[in-house]
Amino acid sequence: QVQLVESGGGLVQAGGSLRLSCAASGGTVTGYPMGWFRQAPGREREFVAAIAWSGNSTYYAASVKGRFTISRDNAKNTVYLQMNSLKPEDTALYYCAAKRLWGSYYSDSAYEYWGQGTQVTVSS
């Protein structure tokens with residue numbers, strides 16, 4: 001069973017940057033498409049970004065496109081989310097997830113394994 005552990009969250013001022021990491025253990029995520037989702041208090045979990053197993057294709061929510069970059073290092077069994085030009089509305093608990101081979105990249109129901117999340121707080 002794949003276990004995912006996120007790290008890299010924290011408190012940052014608006015306009016700042018953070019890099020989230022998602023490390024896998026108990027199995028490889030090399031063959032899995034991977035995604036990042038986030039959930040703010042009182043709101044539903046939402047899609048942020050995803051990447052194909054090869055790393056050749058990436059997908060972004062409109063709200064983060066141009067500011068966030070998803071990448072992966074299959075040799076390290078790790079996925080990253082570089083977040084630049086952060087805004088207060090980016091404040092949320094960020095989760096990484098491993099996707100099944102079927103289903104939409106944008107839908108959380110298509111993801112099989114989830115981490116516990118890392119908190120990102122952006123102050124104004």
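One-based numbering along the sequence shown. In what follows, every heavy atom counts, from backbone to side chain, and hydrogens, waters and symmetry copies are set aside. This one's a predicted model, so the numbers in the text were calculated from it and none came from an experiment.
- Atom CZ of Arg72 and atom CG of Asn77 lie 8.5 Å apart (nearest 0.5 Å).
- Nearest approach of Tyr111 to Gly35, heavy atoms of both residues: CE2-N, 3.6 Å.
- Taking both residues in full, the closest heavy atoms of Ala92 and Ala40 are given as CB-N, 3.8 Å, listed atom of the first, atom of the second, then distance.
- To the nearest 0.5 Å, atom NZ of residue Lys76 and atom OG1 of residue Thr30 are 13.5 Å apart.
- Between Gln39 and Arg43 the shortest heavy-atom distance is NE2-O, 3.0 Å.
- The local environment of CH2 in Trp53 is sparse, with at most 12 non-hydrogen atoms from other residues, nucleotides or ligands closer than 6.0 Å.
- Pairs passing the salt bridge (charged side-chain N to carboxylate O under 4.0 Å, His left out) check and including a residue from residues 106-115, sequence neighbours excluded, read Arg45-Asp108.
- Applying the ring-ring contact (aromatic ring centres under 6.0 Å, His included) rule to Tyr80 yields no partners; only residues at least two apart in sequence or on another chain are considered.
- Formation of a donor-acceptor pair under 3.5 Å by the Thr121 side chain with backbone atoms of Leu11 is not found in this model.
- What you find for Ser85 and Ser17 is that their closest heavy atoms are N-OG, 4.3 Å.
- With hydrogens and angles disregarded, no donor-acceptor distance shorter than 3.5 Å links the side chain of Ser107 to the backbone of Ser104.
- The closest side-chain heavy-atom distance from Tyr59 to Ser57 is below 4.5 Å.
- Side-chain contacts under 4.5 Å among hydrophobic residues (ILVMFWY), followed directly or transitively, place Val2 together with Leu4, Val12, Leu18, Leu20, Val29, Tyr32, Met34, Trp36, Val48, Ile51, Tyr60, Val64, Phe68, Ile70, Val79, Leu81, Met83, Leu86, Tyr94, Tyr113, Val120, Val122.
- Applying the salt bridge (charged side-chain N to carboxylate O under 4.0 Å, His left out) test to every pair with at least one member in residues 87-105, sequence neighbours left out, gives these pairs: Arg38-Asp90, Arg67-Asp90.
- Note that the CZ atom of Phe37 and the SG atom of Cys96 stand 11.0 Å from one another [nearest 0.5 Å].
- The side-chain hydrogen bond (donor to acceptor under 3.5 Å, both in side chains) check on Asp73 picks up nothing, with sequence neighbours excluded.
- Note on residues 5-15: no pairs pass side chain to side chain donor-acceptor pair (under 3.5 Å), not counting sequence neighbours.
- Between the side chain of Ser63 and the main chain of Ala61, no donor-acceptor pair closer than 3.5 Å is present.
- With contacts defined as side-chain heavy-atom distances shorter than 4.5 Å, the pair Tyr105/Pro33 qualifies.
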